[in-house]
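As structure tokens, the structure follows; a few thoughts come after it.
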Amino acid sequence: MPREGLSPCHLKKAKLMFFYTRYPSSSTLKTYFPDVKFNRCVTSQLIKWFSNFREFFYIQMERFARQAAREVLSVARERALRLGRDTELYRILNMHYNKSNDYQVPERFVEVSEVALREFFSAIQSGRDADPCWKKSIYKIICKLDSSVPDNFRLPGCPTDTYRMG
DNA sequence: CTGAAACCTG
DNA sequence: CAGGTTTCAG
């Protein structure tokens with residue numbers, strides 16, 4: 001019995017899905033929320049969520065990229081452009097998309113994030129950020145790095161749930 | 001002219 | 001995050 005609207009659980013699930021896909025299509029989303037009764041509003045709300053996820057993601061990338069650009073020593077820059085699981089940027093991302101920290105952040109996401117970080121850095125470094133639409137080229141690169149979401153996400157509830165009902 | 005995504009605000 | 005507005009491709 002599909003529920004009327006989206007619950008906090010659905011939000012949590014959507015955030016975890018972001019680890020795999022930054023630009024999911026509405027049709028794709030429908031296959032991952034079998035316990036949701038889709039309609040115009042629900043669909044747009046889900047799309048909106050991902051839009052907000054991306055916004056947060058890119059804001060952080062730009063922030064850290066500019067921070068790296070300020071570093072004088074090349075060694076310091078390289079260190080700032082590294083997005084390991086022991087970095088501040090990683091901590092921020094994990095905190096936002098995996099608040100309860102009960103999901104293993106896929107390596108792929110860490111890689112894609114670093115690509116984004118470096119793209120922002122090079123764009124800033126070369127002064128391309130003067131162009132009003134300079135971010136668009138970066139978005140185009142990142143959207144191609146989407147990967148498929150694991151099949152267990154197609155089940156109701158979150159992959160982090162210990163048990164499911166029914 | 002729409003619809004999707006970015007952008008801006010609260 | 002939700003709402004409203006702007007931008008832009010189709």
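Just so we're on the same page: letters track the sequence lines, and every chain starts at 1.
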### Query
Hey, what's the ring geometry for A:Tyr58 with A:Phe120, parallel, tilted or perpendicular (30° and 60° as the breaks)?
tilted
### Task
Choose from C:dC1, C:dA2, C:dC8 the nucleotide whose nearest atom is closest to any side-chain atom of A:Lys48.
C:dA2
### Query
Between B:dA4 atom P and A:Glu55 atom CD, what is the distance in whole Å?
19 Å
#### Entry: Within 45° cone of A:Tyr32 ring axis and under 6.0 Å: A:Lys13 NZ or CZ
no
### Distance-only donor-acceptor check, side chains A:Arg63 and A:Gln60, under 3.5 Å
yes
### Message
Mind checking if A:Gln45 touches a base, just sugar-phosphate, or nothing, with heavy atoms under 4.0 Å?
### Response
sugar-phosphate
### Task
Rounded off to whole Å, could you give me the CZ-to-P distance for the A:Phe18 and C:dC1 pair?
10 Å
### Message
Need one value for A:Phe53: base, sugar-phosphate or nothing, where a base atom within 4.0 Å counts as base even if backbone is also close, heavy atoms only.
### Response
sugar-phosphate
### Query
How many Å lie between CZ on A:Arg40 and C1' on B:dA4, as a whole number?
15 Å
### Message
Regarding A:Tyr139, tell me which of base, sugar-phosphate or nothing describes its non-hydrogen contacts under 4.0 Å with the strands shown.
### Response
sugar-phosphate
### Query
Quick one: is C:dC1 close enough that its OP1 or OP2 comes under 4.0 Å of any side-chain N or O from A:Lys15?
yes
## Note on the structure
When rounded to whole Å, the CD to C1' distance for the pair A:Glu62 and B:dC7 reads 13 Å
#### Entry: Interatomic distance, A:Ile142 CD1 vs B:dA5 P [rounded to whole Å]
16 Å
### Query
Which word best sums up how the rings of A:Tyr103 and A:Tyr20 line up, parallel for under 30°, tilted for 30 to 60°, or perpendicular for over 60°?
perpendicular
## Note on the structure
note: A:Phe57, atom CZ; B:dC7, atom P; distance rounded to Å ~ 14 Å
### Query
Between B:dA4 atom C1' and A:Asn52 atom CG, what is the distance in whole Å?
14 Å
### Query
Parallel, tilted or perpendicular: which describes the rings of A:Phe18 and A:Phe50, with under 30° parallel and over 60° perpendicular?
tilted
### Query
Does the side chain of A:Arg54 get closer than 4.0 angstrom to OP1 or OP2 of B:dA6 through an N or O atom?
yes
### Query
What is the distance, rounded to the nearest whole Å, between atom CD1 of A:Ile47 and atom P of C:dC1?
14 Å
